[in-house]
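Before any comments, here is the structure.
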Amino acid sequence: MKKTPSGAHSTDEDVLQELALDYPLPKLLLEHRSLSKLKSTYTDKLPKMINPNSGRIHTSYNQAVAITGRLASSDPNLQNIPIRTLEGRKIREAFIANEGSSILSADYSQIELRIMAHLSQDIRLLDAFKNNEDIHKSTAAEIFGCDLNSVSQEQRRYAKVINFGLIYGMSVFGLSKSLGIERSAASNYIETYFARYPGVKKYMEDAKLFAKDKGYVETFFGRRLWIPEINGSNGIRRAAAERAAINAPMQGTAADLIKLAMIAVDQWLSKNVHLKTKMIMQVHDELVFEVPQNEIEILQKELPRLMEGVAKLDIPLIVDIGVGLNWDAAH
DNA sequence: TTTAATGGCGCG
DNA sequence: AAAGCGCGCCATTAAA
């Protein structure tokens, strides 16, 4: 149903899911794939990487690999610990706090969509975030032309796929595939979306034009992200570069913000020498801490203030906090 | 035995 | 020919 770059028949998840409608084997294969992925990558490997001195797993953060300015975690990668499935979450449950401490997770809510609102200056998107609305719900209300409180689960799910797809420059083809709908229907959704959020459409066109003119795009702070293939002769790679030009300012600005947050939190912890709390991980829009019981209250109060205050955008930055005895419970 | 390429999939 | 951005790591296979 689909070919790999080398010309072989693809057996990826999409293909097997489609085949599973007609045959029993693909479903079994998918089950085996997901379980063996969890076993080989996490369950078998992570225990072997415990440092004998600390009794812990220590990752490395590379600051100069990701072109958008994100950190990248390796050996082991702790930025791709499972969370999306029940089975996977059992692995996350194994990340536990010391006796007497909790794991605290502080993550930016909808950070890239908020940045898109700021960069695009789209009035409806700015308003939605200023009113602290459920953004997928409010997008659903716009594209389905209904009331905020009459949005169905299904409508919200559609809007969510559209919202995330847009951040990445998704096409009609991609949207129709990921929603399993006709291309004409997908085309209608996108058209309606851009009619309701014209600022977003203009932002995307401007990002491409800017990149073509200068060879780079910029984050909110003016950091440059070079897109060399934006004027290349290979049409396919050029199209990919155009999508990167749309995405890079958002992902790059989010990367800038969380780095500033890490610095702000570190300085605050250093200043308050009595605190035993430790910042132990970063997962792109999330900071993870190990917090003694008697410090949870102060962290719950101070972290949002510190992280939300690193920059003044035209929308509020919102930080959600979760606390638990393990990393999964902290979400 | 090590390295590289491939296809696939975990996360934000 | 591809149609969704950014990563790192797994098993498998082939080459060095």
Side-chain angles (χ1 to χ4, degrees), chain A residues 2-17 29-30 32-46 49 59-85 87-89 91-92 105 107-113 115-116 161-179 183 186-187 190 204 207 211 217 225 227 234-255 257-258 281-288 327-328 331:
Chain A
K2 185 156 79 171
K3 294 288 177 69
T4 67
S6 67
H9 292 283
S10 171
T11 68
D12 72 11
E13 212 173 300
D14 271 0
V15 166
L16 292 185
Q17 253 159 24
L29 189 45
L30 282 167
H32 181 270
R33 286 248 184 101
S34 62
L35 291 173
S36 64
K37 175 85 177 182
L38 295 178
K39 182 172 187 293
S40 64
T41 308
Y42 307 103
T43 315
D44 289 346
K45 285 287 172 356
L46 291 177
M49 304 192 76
T59 187
S60 297
Y61 287 107
N62 196 330
Q63 298 195 74
V65 286
I67 57 174
T68 55
R70 277 185 172 182
L71 300 185
S73 159
S74 65
D75 305 299
N77 182 354
L78 295 186
Q79 291 177 324
N80 72 344
I81 299 303
I83 192 169
R84 293 173 187 174
T85 67
E87 292 289 345
R89 282 184 166 224
I91 289 158
R92 195 169 277 245
S105 163
D107 70 288
Y108 283 112
S109 161
Q110 305 293 358
I111 187 72
E112 291 189 10
L113 282 170
I115 293 165
M116 185 162 84
V161 171
I162 292 168
N163 274 335
F164 280 117
L166 282 164
I167 293 179
Y168 307 137
M170 192 164 39
S171 67
V172 167
F173 174 89
L175 184 64
S176 70
K177 261 194 63 181
S178 59
L179 284 177
R183 242 182 269 191
S187 172
I190 290 179
M204 292 182 173
V217 290
L225 305 161
I227 319 261
N234 182 326
I236 292 159
R237 298 173 80 106
R238 197 172 56 242
E242 288 173 358
R243 294 191 295 274
I246 290 169
N247 174 263
M250 296 184 267
Q251 192 178 128
T253 299
L257 289 171
I258 195 139
M281 286 189 282
Q282 187 258 42
V283 192
H284 308 306
D285 64 355
E286 171 189 15
L287 297 178
V288 182
W327 194 8
D328 183 59
H331 276 271

Along DNA chain C (nearest heavy atom to each residue), the more 5'-positioned of A/Thr41 and A/Ile236: A/Ile236
Euclidean distance, atom OH of residue A/Tyr61 to atom P of C/dG6 [Å, nearest integer]: 21 Å
Closest to the A/Ser171 side chain, choosing from C/dC5, C/dC7, C/dA3: C/dA3
Approximate separation, where rounding is to 0.5 Å, of A/Arg70 CZ and A/Gln63 CD: 15.0 Å
Expected rows: protein N/O vs nucleotides 13-16 of chain C N/O, under 3.5 Å:
none

Sugar-phosphate, base or nothing in reach of A/Lys45, heavy atoms under 4.0 Å: sugar-phosphate
Stems involving DNA chain C, each a run of at least 3 consecutive Watson-Crick or G-U pairs under 3.5 Å: B:1-12 with C:5-16
Gap separating the CG atom of A/Leu166 from the CD1 atom of A/Ile190, nearest 0.5 angstrom: 7.0 Å
Test item: A/Ser105 side-chain N/O and A/His331 main-chain N/O as donor-acceptor pair under 3.5 Å: no
A/Arg183 side chain to A/Phe173 backbone, donor-acceptor under 3.5 Å: no
Sugar-phosphate only, base, or nothing, as touched by A/Ile83 at under 4.0 Å among non-hydrogen atoms: sugar-phosphate
Straight-line distance of A/Asp328 CG to A/Ile81 CD1, nearest 0.5 Å: 12.0 Å
Distance below 4.0 Å between A/Arg70 side-chain N/O and C/dC7 OP1 or OP2: no
Separation of atom CZ in A/Arg238 from atom P in C/dA1, rounded to whole Å: 17 Å
Short side-chain to backbone donor-acceptor contact, A/Thr253 and A/Met250, under 3.5 Å: no
Reported CD1-to-CG distance for the pair A/Ile111 and A/Asp285, which is rounded to 0.5 angstrom: 7.5 Å
Length of the line joining A/Asn80:CG and C/dC9:P, which is rounded to integer Å: 8 Å
Side chain to side chain contact (heavy atoms under 4.5 Å, CB included) between A/Ile67 and A/Leu225, intermediate numbers included: CA-CA 7 Å; A/Ile67 57 174; A/Leu225 305 161; over 6 Å; no
Sugar-phosphate only, base, or nothing, as touched by A/Glu13 at under 4.0 Å among non-hydrogen atoms: sugar-phosphate
Nearest-nucleotide comparison on DNA chain C, the residue closer to the 5′ end among A/Ser74 and A/Arg183: A/Arg183
Side-chain heavy atoms of A/Thr85 within contact of A/Ser34, under 4.5 Å: no
Min side-chain heavy-atom separation A/His284-A/Ile258 under 4.5 Å: no
Atom pair distance, as rounded to whole Å: CG in A/Leu113 and C1' in C/dC5: 13 Å
Pairwise distance OG1(A/Thr59) to CG(A/Asp75) - rounded to 0.5 angstrom: 7.0 Å
From A/Thr43 atom OG1 to A/Leu35 atom CG, the distance as rounded to the nearest 0.5 Å: 9.5 Å
Distance, rounded to the nearest Å, where A/Gln282 contributes CD and C/dG6 contributes P: 18 Å
Rounded interatomic separation in angstrom, taking CD from A/Gln251 and P from C/dC7: 7 Å
Touch class at under 4.0 angstrom, heavy-atom based, for A/Leu38 against every strand present: nothing
Nucleotide C/dC5, atom P - distance to CE of A/Met116 in whole Å: 16 Å
Sugar-phosphate only, base, or nothing, as touched by A/Tyr42 at under 4.0 Å among non-hydrogen atoms: sugar-phosphate
Spacing between A/Lys2 atom NZ and C/dA1 atom C1', to the nearest angstrom: 14 Å
Touch class at under 4.0 angstrom, heavy-atom based, for A/Val172 against every strand present: nothing
Short side-chain to backbone donor-acceptor contact, A/Tyr108 and A/Ala254, under 3.5 Å: no
Sugar-phosphate, base or nothing in reach of A/Arg84, heavy atoms under 4.0 Å: base
Nucleotide range of DNA chain B lying under 4.0 Å from chain A heavy atoms: B/dT6 to B/dG12
Sugar-phosphate, base or nothing in reach of A/Ser73, heavy atoms under 4.0 Å: sugar-phosphate
C/dA1 to B/dC9 separation - P atoms, rounded to the nearest Å: 23 Å
